[in-house]
Amino acid sequence: MGIIEYPIGQQDFKALREGNYIYVDKTRYLEYFVKPGKYFFLARPRRFGKSLFLSTLQYFFEGRRELFRGLYAETMDWDWDEYPVLHLDLNTDRFAGRESFSYVLNTLFEQWEHKYGLDTETLRSIPFSQRFKLIIEAAHRKTGRQVVILVDEYDKPLVNNLNNDDAFENFRVELAGVYSNFKSGAEHIRLVLITGVSRFSKLSIFSDLNNLNDISFDEPFSDICGITERELRENFQDGIARLADKLNRSHEDVCALLKKNYDGYRFSAEGNDIYNPWSLLNCMDKCRIANYWNHTGIPTLVAEVLKMSNVNLEGLFNSQCTLDMLMGFDLRSADPLALLYQTGYLTIKNYDAYLDLYTLGVPNREVRTGLFDVLVPYYVKTKEVPVETVVRTLTASLISGNPDEFMKNLRIYFAGIPYEMNMENENNFQNCFFILMSLLGFNARPEVHTSDGRIDLLITTERFVYIIELKYDSTASEALEQICRKNYELAYTGAGKKIFRIGVEFSSRTRTIVDWKISSRPS
């Protein structure tokens, strides 16, 4: 089996095609963008292929037919004439200050001014919004063809400056001025496609652009980024075979592992499930199942919003909402639900047409693990023992059927809750439990309903069932008595597993587990 080239981090369509990398053909979507006078917006999470698709559009409109040999686009009824393309890529910098923003725009604008016969020395002194206007007009005038404008990660300067009010407002005003040319220069423009992580509301950044078509939730575009199950099977057979050989697993077992770890995204009511392309390509390249997407950026904004918003995490990760709730939010006062969806930590799992409600959930194991790894430092800061050590010890205790050891280490975990955490709010207490159980990787379910009540936490392993009742400023004996009195174990007695009943007392004053009581029932 020869060496297979996977385009890790390669976002330039020309380099990808000329380098003979594996390419999943998305060029059928180009047909939606060939009609003149169209303005589109597409939101997808980071590392989902937005930049590669914009690059594909660029070379398509530049008439580079040789790059599309053997692809769907070659069969299209298209003249392959060259159009002027202005590709405004804001994904190239962190935008830590105004200087970096000016450098990025100056670099791009000077290239275009030179190409279309404008005097850069004269134009440097005027605002970017006016320079962009003159570039659009000059490109149309010199080529005789309307301009194609592609904006990649339009929101990055704003997202990277949320905690800097002055810089944020400067970038907002500057970008709004540049983007205002999309409407005022309509007679010179053939196509506009804008991408980003989110379509933020209350920013007036696309002021009066009432013909902007948001395709982010439209079913025809649900597969425009990412990799479907069919595309996986058609394009990655060699990689799957290598992974199966390394893991000594069957082909279908490996496909199930890939699905569990990297599939599960959905971007429309009736769309297909989508694999994260970044994670899938890295997995194939390295021949290893691991968490790849989580390492591409630390979502501090997500963690900070969740910590401050006083929400129940388990409820948030299994929630229903309307489309309006997902389409946009106030960037300076972010709604946790919309933020988690738009950044890729939640995705559409189901749609109820009768109620017009979307059910959201965490896409896959990689996302769940990564999110909780990020949240742990915000909820728990163990001083004496690292969180990773506590988690490993807890896992070993549950597997071996040692609930007392489990509780001792659980107390260590809660002893690390930072003082600034408002533990008088029971949601934070429950969230800490939820985060921990999710990190353990067991079948751990909070608030499990029974015929006579609700189990606070149910954990099942291969040989054991743990029924845990949490009492907030009440006794462990009362918690254990409630488990027995309401016969919570009834539904699990026929499973052939030993059942442990654990009553736990948690104190809001000392901010830790005070006591626990354990009884058991043999398998």
Side-chain angles (χ1 to χ4, degrees), residues 312-318 372 379-380 390-417 421 423-523:
N312 181 281
L313 291 181
E314 171 64 12
L316 192 64
F317 296 153
N318 294 276
F372 293 128
Y379 283 94
V380 179
V390 175
V391 169
R392 284 196 298 269
T393 307
L394 287 169
T395 301
S397 301
L398 290 174
I399 290 174
S400 63
N402 191 339
D404 192 60
E405 186 69 20
F406 172 76
M407 290 306 306
K408 287 177 182 177
N409 283 280
L410 198 61
R411 178 157 59 184
I412 294 173
Y413 175 88
F414 276 99
I417 296 173
M421 176 70 73
M423 290 306 293
E424 292 180 1
N425 186 308
E426 198 164 351
N427 270 344
N428 285 326
F429 173 59
Q430 293 170 346
N431 284 342
C432 286
F433 255 96
F434 178 57
I435 290 169
L436 176 61
M437 293 305 113
S438 297
L439 284 172
L440 292 181
F442 291 111
N443 182 9
R445 293 181 292 151
E447 299 188 351
V448 178
H449 290 271
T450 71
S451 60
D452 193 28
R454 186 176 61 190
I455 300 172
D456 283 345
L457 185 64
L458 176 71
I459 305 173
T460 57
T461 70
E462 192 172 325
R463 295 189 295 143
F464 305 104
V465 175
Y466 298 88
I467 298 173
I468 302 175
E469 182 67 25
L470 312 173
K471 286 297 182 185
Y472 197 69
D473 291 334
S474 188
T475 69
S477 296
E478 288 177 292
L480 182 59
E481 189 275 333
Q482 180 175 320
I483 296 174
C484 298
R485 174 168 45 86
K486 295 197 173 187
N487 204 15
Y488 285 158
E489 66 207 60
L490 182 62
Y492 310 99
T493 54
K497 299 181 180 183
K498 186 174 182 177
I499 298 173
F500 289 103
R501 315 174 192 95
I502 308 175
V504 182
E505 175 187 349
F506 184 88
S507 169
S508 62
R509 184 181 64 82
T510 61
R511 305 162 55 76
T512 190
I513 292 172
V514 177
D515 190 20
W516 59 87
K517 300 292 183 184
I518 301 171
S519 68
S520 64
R521 173 173 179 163
S523 57

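Side-chain atoms are counted along with the backbone in the values below, which use heavy atoms only and exclude waters and symmetry mates.
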query: Between Asp456 and Leu470, is there a donor-acceptor pair closer than 3.5 Å when you use the side chain of the first and the backbone of the second?
result: yes

task: Could you pull out the closest heavy-atom pair between Gly503 and Ala479, with the gap in Å?
output: CA-CB, 3.6 Å

message: Measuring from atom CZ of Arg501 to atom CD1 of Ile468, what distance do you get when rounded to the nearest 0.5 angstrom?
response: 14.0 Å

task: Evaluate the ring planes of Phe500 and Phe464, with Trp represented by its six-membered ring, and classify them as parallel (under 30°), tilted (30 to 60°) or perpendicular (over 60°).
output: tilted

query: Stepwise, does the side-chain contact (heavy atoms from CB on, under 4.5 Å) test hold for Ile502 with Met407?
result: CA-CA 9 Å; Ile502 308 175; Met407 290 306 306; 3.9 Å; yes

- prompt: Atom OG1 in Thr395, atom CG in Asn409: separation rounded to 0.5 Å?
  reply: 10.0 Å

message: Distance check, rounded to the nearest 0.5 Å: Ile467 atom CD1 versus Thr450 atom OG1?
response: 9.0 Å

- prompt: Is there a side-chain contact (heavy atoms from CB on, under 4.5 Å) between Ile518 and Phe406 once you walk through the steps?
  reply: CA-CA 11 Å; Ile518 301 171; Phe406 172 76; over 6 Å; no

message: For Ile513 and Val504: C-alpha separation, side-chain torsions, deciding distance, then whether side-chain contact (heavy atoms from CB on, under 4.5 Å) applies.
response: CA-CA 7 Å; Ile513 292 172; Val504 182; 3.9 Å; yes

Pairs touching residues 473-484 that satisfy salt bridge (charged side-chain N to carboxylate O under 4.0 Å, His left out), sequence neighbours left out: Glu481-Arg485

- prompt: Passes side-chain contact (heavy atoms from CB on, under 4.5 Å), Asp404 versus Trp516? Steps please.
  reply: CA-CA 9 Å; Asp404 192 60; Trp516 59 87; 2.9 Å; yes

query: From Glu469 CD over to Cys484 SG, what is the distance, rounded to the nearest 0.5 angstrom?
result: 11.0 Å

query: Hey, what do you get for CG (Asp515) to CG (Leu480), rounding to the nearest 0.5 Å?
result: 10.5 Å

task: With rounding to the nearest 0.5 Å, note down the distance linking OG1 in Thr393 to NZ in Lys408.
output: 12.5 Å

field: side-chain contact (heavy atoms from CB on, under 4.5 Å) partners of Val514, counting only residues at least two apart
entry: Glu505, Ser507, Thr510

task: Would you check if the side chain of Lys498 reaches a backbone N or O of Arg463 as a donor-acceptor pair within less than 3.5 Å?
output: no

field: Summary of ring pair (Phe, Tyr, Trp, His ring centres under 6.0 Å) pairs that have at least one residue in residues 477-496, sequence neighbours excluded
entry: none

